[in-house]
Amino acid sequence: MWGGRFSARPDQVMEAINASIDVDKRLAEQDIAGSKAHAAMLAKTGVISAADEAAIQKGLDQVLSEIREGKFQFSKALEDIHLNVESRLKEIIGEAAGRLHTARSRNDQVALDFRLWVKSACETRVEQITALMKALVAQAETHADTVMPGFTHLQTAQPVTFGHHLMAYVEMLDRDRGRFADAIVRMNESPLGAAALAGTGFPIDRHMVAKTLGFDRPMANSLDCVSSRDFALESLAAVAICAQNLSRLAEEIVIWSSAQFGFVRMSDAWSTGSSIMPQKRNPDAAELVRAKSGRAMGSLVQLLTIMKGLPLAYSKDMQDDKLTTFEAFDSLDLSLQAMTGMIATMTPNKERMRASASSGFSTATDLADWLVRELNIPFREAHHITGAAVKAAETANIALPDLPLAELQKLEPRITDKVFAVLTVDASVASRKSYGGTAPERVREQVAAWKGKLG
């Protein structure tokens, strides 16, 4: 493509390091869509003839058909998707193909293709996150009053409901959806028409191209058009945060499905066995989701590192932006699908959860609250009395609700037998009626609200 300037072929190693077709052939659909929009604009503005545009459009349709049918022969010698498409177009329609690249460069062309791909990938992740949220809401509705232990430091803290716990992830995932949606808003500008870096002297209509391709507007600065990759960075940040949230849920699934906890049973479809231990049911899908979060985080750091020292406008370093981005989105794609499958098919063990929630003196805070509410004792003093009650129960090797009233009255004579009504796990969760609390009625309200939002 630049034989007029060079008289010798590149070294083989140079060809190998310079070629990107194995990666950017994924941009074929976007590349051809951009070329079709560009050709239509060139014809409308009189830069090329209507006959040339018709030939280009027909030829591009044939190229796209060949690619979709797996008949297209990609060539590393042609470096990238842009030159592969243009070369094949020339074979099909001849000289008219050479007019397609008028008023554009591979710099703005790849910026367009990549932006279109990332935008589409973000839209797909929004849909996938929504599907996972629906699966969580469905389980939460079924288990709005299923009691389980809530943890801090992975130590039993207070009873909560399983539905409430799952709805926490719905809130987290909604913020993930919002991050992808916000990224789409900011990236929805077309870079095509910037050419190499300075714009073009041809009378092009960038607004027409932007509208054709579904953008809100063209980008306003030609240098920014070809040099910015912050749209990919912002999207990778959304990927990394979402992957981290999924990793936390995956970790809980690993814990919950262990023999020591036994809170949930994973379906056969999302479990694996052992090659040597016949009894094993391994939560491998959850473990892999947990692992893939590292790939997502690494991809963000990698692209940040690629971009951090580049002067305006385009540098070849940016050729490596696509592989790391593709890998991160692919990884999140699998993770979201796997997590949706796991959540939809897992079976909670209600009895095991309840038994665990009843252990570890989980209703101690309820005792302290009762002392404050019924006896008007300052909370810090109530906390001290409750701590002493827990110590007494622990010494006697009994649960807090089983501590005799006489023992409690040694700590505070005004305590009556009415206190025992608040020391059950059901009473504990039912009392947490504050907005956002774990009370089953609050959980059902949130479930209903989210069902309305998610459709």
Side-chain angles (χ1 to χ4, degrees), residues 132 135-170 246-274 277-287 289-290 338-366 390 393-394 397-403 420 422-432 437-444 446-447:
L132 174 53
L136 286 162
V137 168
Q139 285 279 16
E141 183 173 29
T142 302
H143 296 283
D145 56 1
T146 297
V147 178
M148 69 173 290
F151 299 97
T152 60
H153 311 281
L154 202 56
Q155 305 295 313
T156 300
Q158 293 176 275
V160 296
T161 65
F162 189 52
H164 186 62
H165 195 113
L166 295 179
M167 290 301 292
Y169 284 102
V170 173
L246 294 182
S247 181
R248 297 183 72 183
L249 178 53
E251 170 69 4
E252 299 214 274
I253 289 174
V254 171
I255 293 171
W256 292 343
S257 62
S258 68
Q260 289 72 21
F261 272 71
F263 286 2
V264 301
R265 180 179 177 85
M266 306 307 294
S267 71
D268 289 351
W270 299 102
S271 304
T272 63
S274 166
M277 295 171 285
Q279 83 281 9
K280 294 297 292 298
R281 287 177 59 84
N282 297 326
D284 281 8
E287 291 172 0
V289 168
R290 188 174 59 186
M339 187 58 73
T340 302
M342 284 186 282
I343 292 296
T345 58
M346 70 181 182
T347 305
N349 185 332
K350 298 170 70 172
E351 292 74 22
R352 189 70 173 265
M353 285 186 178
R354 172 177 288 275
S356 183
S358 299
S359 67
F361 311 106
S362 64
T363 58
T365 305
D366 297 277
V390 168
E394 188 174 42
N397 197 27
I398 58 176
L400 187 60
D402 297 329
L403 194 65
F420 295 107
V422 304
L423 296 184
T424 67
V425 292
D426 290 304
S428 178
V429 296
S431 71
R432 309 297 170 181
T438 192
E441 62 186 278
R442 295 287 89 85
V443 175
R444 291 189 177 97
Q446 288 301 308
V447 164

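Hydrogens, waters and symmetry mates play no part in the numbers below; they use all other heavy atoms, side chains included. Quick caveat, the model's predicted, so the values are computed rather than measured.
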Discussion item. Does His143 form a side chain to side chain contact (heavy atoms under 4.5 Å, CB included) with Leu166? I'd like the steps, not just the answer.
Written reply: CA-CA 9 Å; His143 296 283; Leu166 295 179; 5.8 Å; no

Should we say atom CZ of Arg281 is surrounded by more than 12 heavy atoms from elsewhere, each under 6.0 Å from it? yes

Output for pair (Met167 CE, Thr438 OG1), nearest 0.5 Å, gives 11.5 Å

Exercise. Taking C-beta and beyond as the side chain, do Ile255 and Phe261 meet within less than 4.5 Å on heavy atoms?
Worked result: yes

Rounding to 0.5 Å, atoms CH2 (Trp270) and CG (Asn282) come to a distance of 15.5 Å

Result block: side-chain N/O donor-acceptor pairs under 3.5 angstrom for residues 154-164, not counting sequence neighbours:
unit_1 : atom_1 : unit_2 : atom_2 : d
Thr161 : OG1    : Ala144 : O      : 3.4
Thr161 : OG1    : His164 : N      : 3.0
His164 : ND1    : Gly437 : O      : 3.3

query = What's the verdict on side chain to side chain contact (heavy atoms under 4.5 Å, CB included) for Val147 and Met353, showing C-alpha distance, side-chain angles and the deciding distance?
reply = CA-CA 6 Å; Val147 178; Met353 285 186 178; over 6 Å; no

Do Glu287 and Val254 make a side-chain contact, defined as non-hydrogen atoms from C-beta onward lying under 4.5 Å apart? yes

Answer yes or no: is there a donor N or O on one side and an acceptor on the other, between the side chain of Ser356 and the main chain of Arg352, under 3.5 Å?
no

Distance col, row Thr363:OG1 vs Phe420:CZ, nearest 0.5 angstrom, shows 11.0 Å

In this structure, CG of Leu403 is separated from CD1 of Ile398 (nearest 0.5 Å) by 5.0 Å

Taking the side chain as every heavy atom from C-beta outward, state whether Val422 and Ser431 have any pair of such atoms under 4.5 Å apart. no

Practice task
Answer yes or no: is there a side-chain heavy-atom contact under 4.5 Å between Val289 and Met342?
Solution key: yes

Those residues at least two apart in sequence (or on a different chain) that pass side-chain hydrogen bond (donor to acceptor under 3.5 Å, both in side chains) with Glu252 are His165, Tyr169

Taken in chain and number order and not counting sequence neighbours, the residues that satisfy salt bridge (charged side-chain N to carboxylate O under 4.0 Å, His left out) with Glu251 are Arg290

Handout entry: Leu246 and Leu132, any side-chain heavy atoms less than 4.5 Å apart
Key = yes

(Q) Is it the case that the side chain of Ser358 and the backbone of Arg354 share a donor-acceptor pair, with hydrogens and angles ignored and the cut-off at 3.5 Å? (A) yes

Test log, rule side chain to side chain contact (heavy atoms under 4.5 Å, CB included), inputs Thr347 and Val264: CA-CA 5 Å; Thr347 305; Val264 301; over 6 Å; no

Nearest heavy-atom contact between Pro440 and Ala430 is CD-CA, 4.2 Å

Taking the side chain as C-beta and beyond, is there a heavy-atom pair between Arg442 and Arg432 under 4.5 Å?
no

Looking only at heavy atoms, the pair that brings Ala364 and Leu400 closest together is CA-CD2, 3.7 Å

Of Ser258, Ser257, Pro149, the one forming a side-chain contact (heavy atoms from CB on, under 4.5 Å) with Phe263 is Pro149

Of all heavy-atom pairs linking Asn349 and Gly262, the shortest is CB-O, 3.3 Å

Worksheet item: Does a side-chain heavy-atom distance below 4.5 Å link Val443 with Glu141?
Response: no

Within-4.5 Å side-chain heavy-atom neighbours: Gln139 and Ile343 | yes

